[in-house]
Amino acid sequence: MIDVSELMNDPDFATEYTVIRSMGEWQDGRFVLKKKNEISCYGPVQPATEDELEQLDIGDRNHITMKFMCAYPMELFITSETENEGQFSDMILYNGKKYKIIKVKPWISSGGYFRAFAYEVD
């Protein structure tokens with residue numbers, strides 16, 4: 001397998017973006033924000049390819065979808081039924097636009113990075 005770990009920090013491929021991580025709790029059916037962290041990230045950002053879009057739910061394919069990568073130990077999260085209920089999926093701020101993470105693929109054993117797909121929400 002090809003080791004791509006050097007590409008995660010190579011300025012020819014990588015760029016800066018901000019991960020917005022929100023924590024809170026549900027009260028009376030509404031999410032009440034308790035804590036919001038902004039985390040600076042650095043890694044490759046690319047539009048999702050047609051093949052990658054095929055892996056997403058049909059409703060998510062109608063949005064502008066980008067692929068964000070980051071090196072381990074930095075992690076990107078999406079909430080699910082098995083995760084902490086007090087956390088929303090991470091949002092990403094990139095080039096003045098906000099993206100919601102909809103799918104994350106950890107490739108820790110293959111070079112130590114995370115690949116997340118996110119669609120534009122603004």
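Numbering starts at 1 and runs along the sequence shown.
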Inset, instruction - State plainly whether one hydrophobic cluster holds both I39 and Y17, where clusters connect Ile, Leu, Val, Met, Phe, Trp and Tyr through side-chain heavy atoms under 4.5 angstrom apart. - result: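 Yes, because I39 and Y17 connect within a single hydrophobic cluster, where side-chain heavy atoms sit under 4.5 Å apart.
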Legend entry - Single-linkage hydrophobic cluster, 4.5 Å side-chain cutoff, V104 and I92 together: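 Yes, one cluster joins them.
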Spatial distance of atom [atom1] ([X]) from atom [atom2] ([Y]) [nearest 0.5 Å]:
X: S89; Y: K100; atom1: OG; atom2: NZ; value: 5.5 Å
X: S40; Y: L93; atom1: OG; atom2: CG; value: 10.5 Å
X: M23; Y: K36; atom1: CE; atom2: NZ; value: 14.0 Å
X: Y119; Y: I64; atom1: OH; atom2: CD1; value: 12.5 Å
X: Y94; Y: C41; atom1: OH; atom2: SG; value: 13.0 Å
X: I20; Y: M91; atom1: CD1; atom2: CE; value: 6.5 Å

Inset, instruction - Would you indicate whether E16, at its atom CD, is surrounded by more than 12 heavy atoms from other residues, nucleotides or ligands within a distance under 6.0 Å? - result: no
Which heavy atom in [X] sits nearest to a heavy atom in [Y], and how many Å separate them?
X: A48; Y: L53; answer: CB-CD2, 4.0 Å
X: L33; Y: S22; answer: CD1-CB, 3.7 Å
X: D12; Y: D10; answer: N-OD1, 2.8 Å

Legend entry - Side-chain ion pair, K103 and E52, N-O less than 4.0 Å: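 No salt bridge links K103 with E52.
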Inset, instruction - Please tell me if the side chains of R115 and K67 come closer than 4.5 Å, counting only heavy atoms from C-beta onward. - result: yes
Legend entry - Pair Y99 and F68, ring centroids less than 6.0 Å apart: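 Centroid distance Y99-F68: below 6.0 Å, so yes.
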Legend entry - N95 (side chain) donor-acceptor with K97 (main chain) under 3.5 angstrom: no
